[in-house]
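Taking it in order: structure first as C-alpha cells, then the write-up.
Throughout, a chain's letter reflects where its sequence line sits, starting with A, and its residues are numbered from 1. Just so it is clear, the structure is predicted and the values come from calculations on it, not from any experiment.
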Amino acid sequence: MAKVISIEEAVDLIKDGMTIMVAGFWGVGTPEKLIDALVAKGTKNLTSISISTALTTKGVGKLVANRQLKKVIVSYIGRNPATSEQYESGDLEVEFVPQGTLAERIRAGGFGLGGILTPTGVGTEIEQGKQRITVDGRDYLLEKPLRADVALIKAYKADKAGNLVYRKAARNTNPLMAAAADITIVQADEILEIGEIDPDEVMTPGIFVDYLVQG
Amino acid sequence: MAKVISIEEAVDLIKDGMTIMVAGFWGVGTPEKLIDALVAKGTKNLTSISISTALTTKGVGKLVANRQLKKVIVSYIGRNPATSEQYESGDLEVEFVPQGTLAERIRAGGFGLGGILTPTGVGTEIEQGKQRITVDGRDYLLEKPLRADVALIKAYKADKAGNLVYRKAARNTNPLMAAAADITIVQADEILEIGEIDPDEVMTPGIFVDYLVQG
Amino acid sequence: MDAKDVFIAKRVAQEFKDGDFVNLGIGIPTLVGNYIPKGVRVFFHSENGFTHIGPMPNSEEDIDRELINASDQYVTILPGGAFFDSAVSFGIIRGGHLAATVLGGLQVDQEGNLANWRMPGKKTVGMGGGMDLAVGAKRVIIAMEHTNKGEPKIVKKCNVPLTGLKCVDLIVTEMAVMAVTEKGLVLKEIAPGVTVDQVRAATEAEFTVDPDLKIISVE
Amino acid sequence: MDAKDVFIAKRVAQEFKDGDFVNLGIGIPTLVGNYIPKGVRVFFHSENGFTHIGPMPNSEEDIDRELINASDQYVTILPGGAFFDSAVSFGIIRGGHLAATVLGGLQVDQEGNLANWRMPGKKTVGMGGGMDLAVGAKRVIIAMEHTNKGEPKIVKKCNVPLTGLKCVDLIVTEMAVMAVTEKGLVLKEIAPGVTVDQVRAATEAEFTVDPDLKIISVE
C-alpha cells in the first residue's frame with residue numbers, strides 16, 4: 001500500500017547522514033523533482049548509490065554540485081567535474097563498482113541474498129578486500145549486497161497500490177532499487193486508481209513501494 | 001532471432017542424456033505440447049530441472065510417468081506418485097532444492113554468476129556438501145548456478161524476434177529458464193510478426209530465444 | 001473443518017496489521033485467510049508469482065486456467081495485485097518484504113528451530129518454498145495443533161530434519177500462544193478453560209509464563 | 001573522423017555473423033556500427049537496458065527523452081527490440097548472450113589481459129560497464145590504434161590497471177589483426193602496405209605469424 005504524499009513530505013523522510021539510492025541513467029529514469037527538493041532542503045552528509053553521478057545539472061550530480069554527499073557508490077563519474085574535483089580534494093569518497101556488479105549488489109540487497117559471485121573484476125584492482133571463490137574451476141569475486149535507507153524512484157505510471165510501470169530506457173535501476181531500501185519513494189508522471197494498471201503490465205509490484213509523489 | 005520450427009523439429013533437438021529445464025508451476029506455464037511430443041519420441045535418460053514434478057498427467061510429470069528421466073532437480077514431488085515410486089525404488093535420482101534457491105540458481109546460470117549466497121537452508125540437511133559463508137555476521141549457503149542443454153518455455157505471445165509475453169501465473173520460471181539453456185525452445189499460443197509486441201511489454205527479450213513452436 | 005484448526009486460524013488472523021502482505025502455507029495456515037478481522041486489509045502473496053490472491057472463482061466459466069495459487073487451486077487476483085516471475089516472488093520472501101508467513105509445524109523447539117518438511121520414515125515430497133519462507137518473512141508464525149496424538153510438538157530440541165534455524169517468532173495452537181524470545185519460549189496466552197499446568201503437560205520445551213498472561217479471545 | 005579509426009572499424013565490422021547481438025564500447029568501437037556488411041543483420045545491445053539500438057532521431061520532434069543509449073545520446077529502437085532493467089542488461093552481458101563486444105584499449109598483453117579503464121596519473125572516471133563486457137561477452141574484440149604516440153599498446157605484460165584477465169580474443173588495429181590463442185598472439189592479417197617487420201617494430205608483445213597471413217581487406 002503506497003501513500004500519496006507531497007514532495008516536501010517525501011524529502012523530509014531523508015535525514016542527514018542517510019544512504020540513498022537514486023535510480024536513473026544519465027538522468028533518464030531519475031526522479032528529478034525529488035532531487036530538486038532535496039537540493040532545496042540541503043540535507044547533508046548523504047551517501048548515494050547510483051549508476052553514475054550524471055551531470056552537475058542532472059540526477060545525483062546536482063547533489064554532488066551542492067556538496068550534500070560524503071560518499072558515492074557508482075560505476076562512473078565522468079562528465080561531472082564537480083565529482084572529480086571533490087574526489088581529488090578528498091571531500092568526497094568514491095567507491096567504484098562495475099555497473100553489472102552494482103546492479104546485482106542492489107538486487108541482492110532487496111532480495112535477501114548475502115551476496116553474489118561474479119567473474120567481473122577478478123584480477124583487477126577492484127578485487128582488493130574481496131574474497132575470491134573458485135566454483136567448478138572458474139574464479140569469482142564475492143560481492144556483497146547493497147541497501148539504502150531511502151530509494152528515489154521515477155515511474156511513468158503508478159497506481160495507489162504502489163504498482164509501477166516504467167517507460168523505455170527509463171527502467172534501468174528503478175526496479176532493483178525499489179526493492180532495496182527501507183523506504184521507497186516514487187515520483188510518478190501519473191498516479192492512477194487501484195485497478196487501473198493491468199497486473200500483467202506491472203514492472204515493480206506495489207509491495208516494494210511506500211510513498212508516491214506526483215511527478 | 002528466433003526460428004519458427006515444427007514441434008517434431010523442436011523435440012529432435014533434445015538428445016538422450018541431456019539436461020532440460022521445464023518451466024511451469026503445476027503445469028501452468030508449461031509447454032504441454034512440447035512435453036507430449038517428447039513423450040511420443042521417448043527420449044531417454046534426461047535430467048530435468050523444474051519447480052515440481054507436477055502430476056503424472058501434467059508437465060514434467062508425464063516424462064516421469066513415461067520413465068524418460070534419470071534425475072530431477074525440483075523443490076517438490078508430492079502429488080506425483082510415479083516420482084515417489086521411482087525415487088524409492090532408486091530408479092530416479094531426486095535433488096531437492098528450496099524453491100527460491102532453485103529460482104536463483106537458474107537465474108545465476110543464465111546471467112553468468114558463479115553462484116549466490118542464500119540464508120535458506122542454513123543448518124538443515126540441504127547444507128550438506130555446500131560451503132557456508134558468513135557475510136557481515138549472518139550465515140549463508142553458497143548455491144551454484146544451474147544450466148541446461150535445452151529450456152522448454154511456454155509463452156502467451158511471441159514475436160519472430162523471439163520476444164515473449166507471459167500471462168498471469170504462467171510466468172513463474174519461464175523468464176529465468178529462457179536465459180539459462182544452450183537452446184531455448186518456446187511454445188507460444190500466438191506467434192506475431194516483428195514489431196507487433198511493444199518493446200516495453202516484453203517479459204523475455206528475444207536475445208534469449210532460439211526456436212518458436214506454434215502452441 | 002476441525003474446530004481446533006478453526007480456533008487456531010482465527011487467533012492467527014489477529015496478528016496482522018492493516019496493509020500487511022502475508023504468505024499462508026498449506027493446512028491450517030490456509031484457513032487463516034477466512035478470518036481476517038474487519039477493517040484490516042491483508043494482502044496475500046502467492047509464491048507461484050503474484051500478490052493480492054482473491055477468492056476462488058464463483059463458477060466454471062469464471063475460471064482462468066493460468067491463474068492458480070501455489071496449491072494448484074483456481075483463484076482470482078484482487079485489484080492492486082501484480083504478477084511476477086519466481087525469482088521476484090522469492091526475492092519478496094527472502095528479502096523480508098512479507099510482514100509475516102504462517103506455516104504448519106511438525107516440531108518447534110525452544111530455540112525457535114522449525115521442522116516441518118520431512119518426517120523420517122514417511123515419504124519425502126520436498127520443501128517447496130517452505131525453507132525460504134521460514135528464513136525470509138519478517139515474522140514466522142507457526143499454526144499447528146499442540147500435540148500429535150498426545151506427543152508434544154513443542155520440544156526442547158527438534159529431532160526431525162529442520163526447515164529453518166532459529167526462525168520461529170510465534171506459535172499458535174489450540175491450547176496456547178507462545179512467543180520465541182531471546183530468553184526462550186514465553187507463554188503469552190492460553191485458550192479458555194485451559195490451565196498453565198495443562199499446557200506444561202502437553203509441552204516438552206521449557207517456557208516461562210508471561211506475567212501478563214491473557215486468555216485467547218476469538219469471535 | 002580519423003581515417004585509421006574508420007579502417008579499424010570497417011575491419012571489425014567483418015567479424016559478425018548474421019543474427020549476432022553485439023555491444024559496442026565508446027570511441028572507435030562506436031564507429032563499427034556504421035560499417036556492418038550488407039546482408040548481415042547485427043543487433044546492438046545498449047547497456048542501459050535494451051536491444052536493437054536504432055539510428056539517432058531525424059529531427060528534434062522525433063526525440064524521445066526516455067530513449068538514450070549508454071553514452072547519453074538520443075537514439076531509437078528498431079522493431080524486434082525490447083527494454084529491460086539493469087540487472088537483465090548485465091545478465092545478458094555476463095551470461096554470454098552477446099556474440100561479441102568491441103572495446104577500446106589502453107594496453108593489451110600477450111596473455112590477452114586488457115587494460116582500458118584507468119591510466120595512473122590521469123583522472124579516474126570509473127569502469128562503467130566495461131569490466132562486465134570484458135569478462136562476459138562470448139568474444140572480446142579490441143579496436144584500437146596500434147601504438148600511442150609511437151609507444152606500443154600491445155605489450156608483453158600490461159603495466160596499467162587491468163580491466164579484465166585473459167579476456168581478449170581479437171585485436172584489430174590500423175596495422176594488424178591479431179588473435180589471442182592458447183599459444184600466444186598470432187598475427188592473422190596485416191594492413192595493405194604494412195610489413196611484418198613493421199608490425200614487430202610497433203609491438204612489444206611476442207607474436208607468431210599465421211602461415212596463412214592475409215592482407216586486411218576493407219571496402
Under 4.5 Å from any heavy atom of chain D - which part of A:Tyr156: neither

Per-residue contact mode, A:Arg105 against chain D (heavy atom under 4.5 angstrom): neither

Among the listed options A:Ile77, A:Asn172, A:Thr173, the residue most often paired with chain D at heavy-atom distances under 4.5 Å: A:Asn172

A:Lys157, NZ: over 12 other non-hydrogen atoms inside 6.0 angstrom: yes

For chain D, the option from A:Val28, A:Ile126, A:Ile51 that forms the most heavy-atom pairs under 4.5 Å: A:Val28

4.5 Å side-chain heavy-atom contact, A:Phe96 and D:Met127: yes

For chain A, the option from D:Ser86, D:Cys167, D:Gly130 that forms the most heavy-atom pairs under 4.5 Å: D:Ser86

Heavy-atom pair count under 4.5 Å with chain D, highest-scoring of A:Val94, A:Thr83, A:Val97, A:Asp139: A:Val97

Within 6.0 angstrom of D:Lys123 NZ, more than 12 heavy atoms from elsewhere: no

Proximity breakdown for A:Thr53 and chain D, heavy-atom pairs closer than 4.5 Å: neither

Check: A:Phe25 main-chain N/O paired with D:Asn48 side-chain donor or acceptor under 3.5 Å: no

Chain D contact via A:Val74 - side chain, backbone, both or neither, heavy atoms under 4.5 Å: neither

Stepwise side chain to side chain contact (heavy atoms under 4.5 Å, CB included) check, A:Met203 with D:Phe83: CA-CA 11 Å; A:Met203 297 178 187; D:Phe83 293 104; over 6 Å; no

Chain D contacts, top residue of A:Gly29, A:Gly27, A:Gly123 (heavy-atom pairs, under 4.5 Å): A:Gly123

Where D:Phe84 and A:Arg171 come nearest, the two heavy atoms and their spacing: CA-NH1, 3.8 Å

Chain A contact via D:Ile93 - which portion, at a heavy-atom distance below 4.5 Å: neither

Contact class of A:Pro98 relative to chain D, heavy atoms under 4.5 angstrom: both

Note, A:Glu104 side chain near D:Phe90 side chain (heavy atom, < 4.5 Å): no

Proximal component of D:Asp64, with respect to chain A [non-hydrogen, under 4.5 Å]: side chain

Closest-packed option against chain A by number of heavy-atom pairs under 4.5 Å, given D:Ser89, D:Gly129, D:Ala115: D:Gly129

Chain A interface, residue from D:Lys166, D:Met131, D:Glu66 that has the most non-hydrogen pairs under 4.5 Å: D:Glu66

Chain A interface, residue from D:Gly91, D:Ser46, D:Pro161, D:Gly81 that has the most non-hydrogen pairs under 4.5 Å: D:Pro161

Full working for salt bridge (Lys or Arg N to Asp or Glu O under 4.0 Å) between A:Arg79 and D:Asp72: CA-CA 11 Å; A:Arg79 297 182 71 209; D:Asp72 199 13; 3.0 Å; yes

Region of D:Ala70 that comes under 4.5 Å of a non-hydrogen atom in chain A: both

Interatomic spacing from CZ in D:Arg94 to CD1 in A:Ile116 - rounded to 0.5 Å: 6.0 Å

Residue among D:Val135, D:Asp132, D:Ile68, D:Leu162 with most heavy-atom pairs under 4.5 Å to chain A: D:Asp132

Part of D:Arg65 within contact of chain A (heavy atom distance under 4.5 Å): backbone

Proximity breakdown for A:Leu102 and chain D, heavy-atom pairs closer than 4.5 Å: neither

Best-contacting candidate, A:Ala54, A:Gly121, A:Pro119, against chain D by heavy atom pairs under 4.5 angstrom: A:Pro119

Gap between atom OG1 of A:Thr124 and atom CG of D:Asn113 - 0.5 Å precision: 11.0 Å

Largest heavy-atom contact set with chain A, pairs under 4.5 Å, which of D:Ala87, D:Gly136, D:Gly128, D:Ser71: D:Gly128

